[in-house]
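All residue numbers refer to positions in the sequence shown, counting from 1. The shown structure was predicted, so the numbers you read here are calculated from the model rather than taken from an experiment. Indexing begins at 1, ligand by ligand and atom by atom, following the structure's order.
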Amino acid sequence: MRIHFLGAAGGVTGSMHLLEVNGKRILLDCGLHQGRRDESNRLNRSLPFAPENVDVMVLSHAHIDHSGNIPLLCRKYDGDIITTLATRDLCAVMLMDSAHIQEKDAEFFNKKIADAPDKQISPIYSYADVDKCLTQFIAINYGRPFPLTDGVKMTLYDAGHVLGSAVVVLDIKEENKKLRLVYSGDIGRKRLPILQDPTLIHDAEIMLLESTYGNRKHDPIETADEHLADAIHTIYKRKSKLIIPSFALERAQEIVYSIRKLLKQNRIPRLPVYVDSPLAIRVTEIFRLHPECFDEEILTMFDNHEDPFDFSDLEMVRSKENSQSLNEQDGPMVIISASGMCEAGRILHHLRNNIGNPNNMILIVGFQAQHTLGRKIVERQSTVRIFGLEHSLEAEVRVINAFSGHADKDGLDDFALASKNTLNKLFLIHGEPDQSQAMAERLRSKGLNDIHVPERGEYVDL
Ligand SMILES: [Zn+2]
Ligand SMILES: [Zn+2]
């Protein structure tokens, strides 16, 4: 058996691992790299393996850093893509959006270098590529064992990270030896709104575990609402705008749900709230279709014919015209827009129009990868580049890390230590090196001996 770590190794984005077992190749995730533009572009345009030689693919969840390069894969790969029901539905909209972003990106880039026709680029994949890959999905529910390849049975368990997210458990038989391999995907947190708690897996012998927050502790989830209420009060008094860059998947629904709750509890004044992201709107529609992912609270609301993702002052902004008209309107208002790391989408025009006013507030509620515009805002750099132009960062910036959809160091330790008695080898992936290394040291001190932080491109024979 061999594991080839092809992405999200020594970094967070571009999740991709190729497992060879019984002569078959199983691809775990096929995500896009995000970060420095040139480097990401180079990594994303050519897959570091031969797609036609893959036998089957498993997808942990719909985030683009895990699913985003499936359309490119499927130009040469005709096999199955196995995932959960919700992830399949989410991919239908997320991958279309990704194709759209790439098309716009290429257009923008090519316009800038119009006088150099030899340097023009094309999008990594097209809408047609997305259509094709969607025909290859096979969706299964949590907890239903599925025969994956020769000698490999797969079961997906709820990872509690985003709608449909799964921990992948492979029960492998190789030359009369039995072995349990666990691929964590991204692990969520206990008591996260909307979703069920992550499932702990016991008896893993080999584990590939994410380490995004391997050395950080989140503020308690309960404090998220307080901070959000405080931010809303502040901009309400200033009659200004609260701009919330948000992932279209999960965070946008969480924020809407939180605001709805705060209104219901009379903890904030009424004010207009806009979800200005066509993708977030479509994703919200998909949420309503997947009760298998909901926690008790949300299930009860649906049973009582309440909609957790709607309230009277909420407007879903669909058209571009309505989105632009928000620029002309005075606050107070809340604008929830994507993309979450401020790399693309309508959030860019809201930032461009509002970042220069110290009365406005930018509220960061999600993970910001290195070199993204979102990270520069978190670091409060004095000027930031938007649509190719420098803008002075005058707006107040606040960060709420309590919303994180990732387990923090305690949650990750719990996940790893659930298999303490059986674990032979632990690989820490999906983390910046300082996080992964600190986590490795800590887990060694808790009795796990064989821990390795692989680099991108490294393979390990087992
Ligand atoms: Zn994720
Ligand atoms: Zn991820």
K.L.:
Run the side-chain hydrogen bond (donor to acceptor under 3.5 Å, both in side chains) test against Asn41 and tell me which residues pass, sequence neighbours left out.
P.N.:
Arg45
K.L.:
Scan residues 187-208 for pairs that pass side chain to side chain donor-acceptor pair (under 3.5 Å), counting only residues two or more places apart or in two chains.
P.N.:
Arg191-Glu222
K.L.:
Could you check if a side-chain atom of Leu27 sits within less than 4.5 angstrom of a side-chain atom of Tyr77, using non-hydrogen atoms only?
P.N.:
no
K.L.:
So, Glu432 and Arg375, do they make that salt bridge, N to O below 4.0 Å?
P.N.:
yes
K.L.:
Go through the structure and list residues passing side-chain hydrogen bond (donor to acceptor under 3.5 Å, both in side chains) with Arg75, not counting sequence neighbours.
P.N.:
Asp129
K.L.:
Please report the shortest heavy-atom distance between Ser98 and Gly68, naming the atom on each side.
P.N.:
OG-O, 4.4 Å
K.L.:
With a cut-off of 2.8 Å, how many protein N, O or S atoms neighbour the Zn ion (ligand 2)?
P.N.:
4
